[in-house]
Novice: 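Here you go, one structure.
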2 protein chains.
Amino acid sequence: MTLLDVARVAGVSPSTVSRILNGTAKVSADKRKAVETAIAEMHFEPNQLAQSLKSGKSMTIGIVVQDISSPFFAETLRGVDDGLKATGYASVIVSGHWNAQEEADRIKLLLARKVDGLILLSGHIADQDVLRFAKQRPIVATGRALSSDSAIGFKLDNEYGAMLAVRHLIELGHRRIAFVAGPSDNPDADERLAGYRRALLEADIEFDPKLVAESDLHEASGLLAINRLIESQQQFSAVFAVNDQSAYGVRLSLYRKGIRVPDDISLIAFDDLPTSLYTTPPLTTIRQPLYDMGLAASSALLGLISGTAVDIMLPALELVVRETTRRFR
Amino acid sequence: MTLLDVARVAGVSPSTVSRILNGTAKVSADKRKAVETAIAEMHFEPNQLAQSLKSGKSMTIGIVVQDISSPFFAETLRGVDDGLKATGYASVIVSGHWNAQEEADRIKLLLARKVDGLILLSGHIADQDVLRFAKQRPIVATGRALSSDSAIGFKLDNEYGAMLAVRHLIELGHRRIAFVAGPSDNPDADERLAGYRRALLEADIEFDPKLVAESDLHEASGLLAINRLIESQQQFSAVFAVNDQSAYGVRLSLYRKGIRVPDDISLIAFDDLPTSLYTTPPLTTIRQPLYDMGLAASSALLGLISGTAVDIMLPALELVVRETTRRFR
DNA sequence: CTGTTAGCGCTTTCAA
DNA sequence: TTGAAAGCGCTAACAG
């Protein structure tokens, strides 16, 4: 059933039906009536595909995440979803799986589907490639600094955030602070390591590589990392985990070993996932405005698409003190 | 830049280009060569929208979830994503927010976009409405039993799962078992209540409504629910929470009150979210094959689309004994 | 093997 | 105010 059928039933031309559907021009009351009843009776819904082909606007935006089931991306997606609500845009979400090649492929797929814009959440694809794709459609990226007339990127100051975390520990009297790091090819994780080192430096605490163990940002490898640290016989009274998820693994390992948190060891992390409010005890962490980033990304993209400048105000990283850290005795 | 441009550059007709692109017919080696170099040099990518309009297949499937940021749906989405991988299908994900009207609206939106099929994850929309939409495009739904030639639904036996949970508690010697229920308009939650009652009945334990408190399936309300139970001075040695998320809230409340799990109170839940492996202590729960449900949904839908019957084999619900339950002393 | 041609369903000049 | 007609980019008869 097409617009043409409606036109036939209503006894008008297809252009008239189109005009009524889109409010593009004035139409006499009787024809409007005829068309509207025809539409209602036939349960006609215009074919979006045809509209898009004609107009060049698909009213869909493409989102590339790295892991569709990660709570980290989930929060941001919710922000994007809310930002797109009632704009008529729908979003097609694909996963890049932290792989530059796959990200590029997925972007090409989205571009072939003529999405009106792209949101790239983290990822390993090179900035220059992003910029190249941005020539076809506007792109907003998180976790990277980008700025052209068709691409916007915003990243938070991870180094600063990490400093916030470590300073908190130092203020509580901790001196031997272990760091469960992230993979070295992850810029965010790298910056957090830098922040850890800088905070130590400013407190005149020597950086000890033996106090650092790498994880892949997930629970299981956080657990393994802390185990390695413990087995290496290093002494430490506090742990800074590169992100909340690895901290969950740390927490479990300590629990298994009968090491109390925060009584025996303080634990702080980075992200503030929704779940962190409900760990036992609730996790002290650096709050990352995940939801707001999604909201900001969508409004920035909408701005890029419509050609109106929007300035993005993102809440800064902040320390959220809950119950996994305490004064060193 | 269109296929026509490519044809011009390569000195052939558009049909020839199309044939090469789709491998629809034999083309002489020299023309093929010419076209392929032209495509490569121009970086031509066919417009998917035009292809779709022509073919009637959009190569996209629509997914309606209820909460885009819920870990519950995230796992299933990952299954769907994996199931669609390398099929050429992309998915547009929208959220129904547990609202029948909104779900219907979103389905209409997806239908207008000519998705080739729909996956409906839970939801409040009536079965008959689903069936009606299924006349336009095949639908696979989870959490409801459906069966027509264009719609498949599969649900797990929540009542049985709940019985598994409560029997476990009873076998451990618990008799006073509290239940943190879900909203009564949620069929899954309702069935779990029924299972709870049935398990009590079969063990000759009288059902006591004072031992039941309702939650909305989220952490915060799980916490509130258990607080109400505790304040009501009811005695109980074990808690069955309607889902993992509410159990997290219960766990935190007990922690705050200095009630040890499982030493003072046993706790069991339902879902087995990935995080439940890392709570302290790890949560005993009923495992729901979330990921497999996503996988099954995608393959069932692909079958419906292609007209080939696929039979869905889903792992059954199972008890996963971890560390939040222990023998009543 | 290859080109011509007629649409897919809709929008939008252009005339009337 | 309304309709005729052209065309968005691609595919698939149908000839040749």
Side-chain angles (χ1 to χ4, degrees), chain A residues 1-36 38-39 42-60 88 108-116 136-137, chain B residues 1-39 42-60 88 90 108-116 136-137:
Chain A
M1 184 189 38
T2 72
L3 176 147
L4 215 114
D5 299 322
V6 175
R8 257 193 293 268
V9 170
V12 300
S13 77
S15 354
T16 302
V17 179
S18 172
R19 288 194 259 260
I20 290 174
L21 242 24
N22 305 296
T24 325
K26 294 204 153 49
V27 174
S28 67
D30 53 334
K31 302 218 177 210
R32 148 160 280 119
K33 182 93 174 214
V35 170
E36 277 169 353
I39 288 177
M42 305 170 75
H43 298 293
F44 169 73
E45 299 278 355
N47 181 334
Q48 247 251 193
L49 240 42
Q51 295 186 147
S52 297
L53 179 61
K54 181 80 225 189
S55 65
K57 312 193 84 298
S58 63
M59 293 311 282
T60 108
K108 278 184 197 152
L109 175 132
L110 294 170
L111 254 15
R113 294 178 122 78
K114 302 293 166 194
V115 294
D116 294 333
Q136 301 190 52
R137 286 288 188 274
Chain B
M1 186 188 38
T2 74
L3 178 145
L4 216 114
D5 300 321
V6 175
R8 256 194 294 267
V9 170
V12 300
S13 76
S15 355
T16 300
V17 179
S18 172
R19 286 193 261 258
I20 290 174
L21 243 24
N22 305 298
T24 324
K26 294 203 155 50
V27 174
S28 68
D30 53 332
K31 303 220 178 209
R32 151 159 278 121
K33 182 93 171 211
V35 169
E36 277 170 355
T37 53
I39 289 177
M42 304 171 74
H43 297 291
F44 169 74
E45 299 278 354
N47 181 334
Q48 247 251 199
L49 240 43
Q51 294 185 155
S52 298
L53 178 60
K54 181 76 214 181
S55 66
K57 313 196 83 294
S58 63
M59 292 311 282
T60 108
K108 278 185 198 150
L109 174 132
L110 294 170
L111 253 15
R113 282 168 191 279
K114 301 296 168 193
V115 293
D116 295 332
Q136 301 190 52
R137 286 288 188 272

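Computed from a predicted model, the values in this text were never measured in an experiment. A note on names: the letters A, B, ... follow the listed sequences, proteins ahead of strands, and every chain is numbered from 1.
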Novice: Counting only N and O atoms by type, is there a donor-acceptor contact under 3.5 Å from the side chain of A:Ser52 to the main-chain atoms of A:Gln48?
Specialist: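 Answer holds: yes.
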
Novice: I need the residues from residues 9-20 of chain B with at least one non-hydrogen atom less than 4.0 Å from DNA chain D; give them sorted by number, or say none.
Specialist: B:Ser15, B:Ser18, B:Arg19

Novice: Take atom CZ of B:Arg113 and atom P of C:dC10, then tell me their distance rounded to the nearest Å.
Specialist: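 The distance from CZ of B:Arg113 to P of C:dC10 comes to 15 Å, rounded to the nearest Å.
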
Novice: Could you list all N or O pairs between the protein and nucleotides 7-9 of chain C that sit under 3.5 Å apart?
Specialist:
| residue | atom | partner | partner atom | Å |
| --- | --- | --- | --- | --- |
| C:dG7 | N2 | B:Lys54 | NZ | 2.9 |
| C:dG7 | N3 | B:Lys54 | NZ | 3.4 |

Novice: Angle between the two end axes of the helix from C:dC1-D:dG16 to C:dA16-D:dT1, five base pairs per end, rounded to 10 degrees?
Specialist: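 Comparing the first five pairs with the last five, the axes sit 40° apart.
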
Novice: Nearest 0.5 angstrom please: A:Met59 CE to B:Arg113 CZ, how far?
Specialist: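 Here the rounded value is 7.5 Å.
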
Novice: Does A:Leu3 reach the side chain of A:Leu21, with side-chain heavy atoms less than 4.5 Å apart?
Specialist: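 Heavy-atom side-chain distance check passes, below 4.5 Å.
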
Novice: Could you tell me whether the side chain of A:Arg137 and the main chain of A:Val115 form a donor-acceptor pair under 3.5 Å?
Specialist: yes

Novice: If you walk 5' to 3' along DNA chain D, what is the first nucleotide with an atom under 4.0 Å of a heavy atom in chain B, and what is the last?
Specialist: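 Range of nucleotides within reach of chain B: D:dG9 to D:dA13.
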
Novice: Identify, with sequence neighbours excluded, every residue that meets side chain to side chain contact (heavy atoms under 4.5 Å, CB included) alongside A:Lys33.
Specialist: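 Side chain to side chain contact (heavy atoms under 4.5 Å, CB included) list for A:Lys33, sorted by chain: empty.
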
Novice: Is there a side-chain contact between B:Lys26 and the phosphate of C:dT2, meaning an N or O under 4.0 Å from OP1 or OP2?
Specialist: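 So the side-chain polar atoms of B:Lys26 never come under 4.0 Å of the phosphate oxygens OP1 or OP2 of C:dT2.
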
Novice: Got B:Thr2 and B:Asn47 here, is their nearest side-chain heavy-atom distance under 4.5 Å?
Specialist: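 No, their side chains stay 4.5 Å or more apart.
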
Novice: Are B:Gln51 and B:Lys54 close enough that some pair of their side-chain heavy atoms sits under 4.5 Å apart?
Specialist: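 Counting from C-beta outward, B:Gln51 and B:Lys54 never come under 4.5 Å.
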
Novice: OG of A:Ser58 to CG of A:Leu53: how many Å apart, nearest 0.5 Å?
Specialist: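 Between A:Ser58 OG and A:Leu53 CG, I get 11.5 Å after rounding to 0.5 Å.
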
Novice: To the nearest 0.5 Å, tell me how far B:Thr60 OG1 sits from B:Lys114 NZ.
Specialist: 12.0 Å

Novice: With side chains defined as the heavy atoms from C-beta onward, is the minimum distance between B:Met42 and B:Val9 less than 4.5 Å?
Specialist: yes

Novice: What pairs with A:Glu45 under salt bridge (charged side-chain N to carboxylate O under 4.0 Å, His left out), at least two apart in sequence or on another chain?
Specialist: none

Novice: Any donor-acceptor pair under 3.5 Å linking the side chain of B:Arg32 with the backbone of B:Lys26?
Specialist: no

Novice: Return the CG to CZ distance between B:Asp5 and B:Arg8, rounded to the nearest 0.5 Å.
Specialist: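 Result: 5.0 Å between the selected atoms.
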
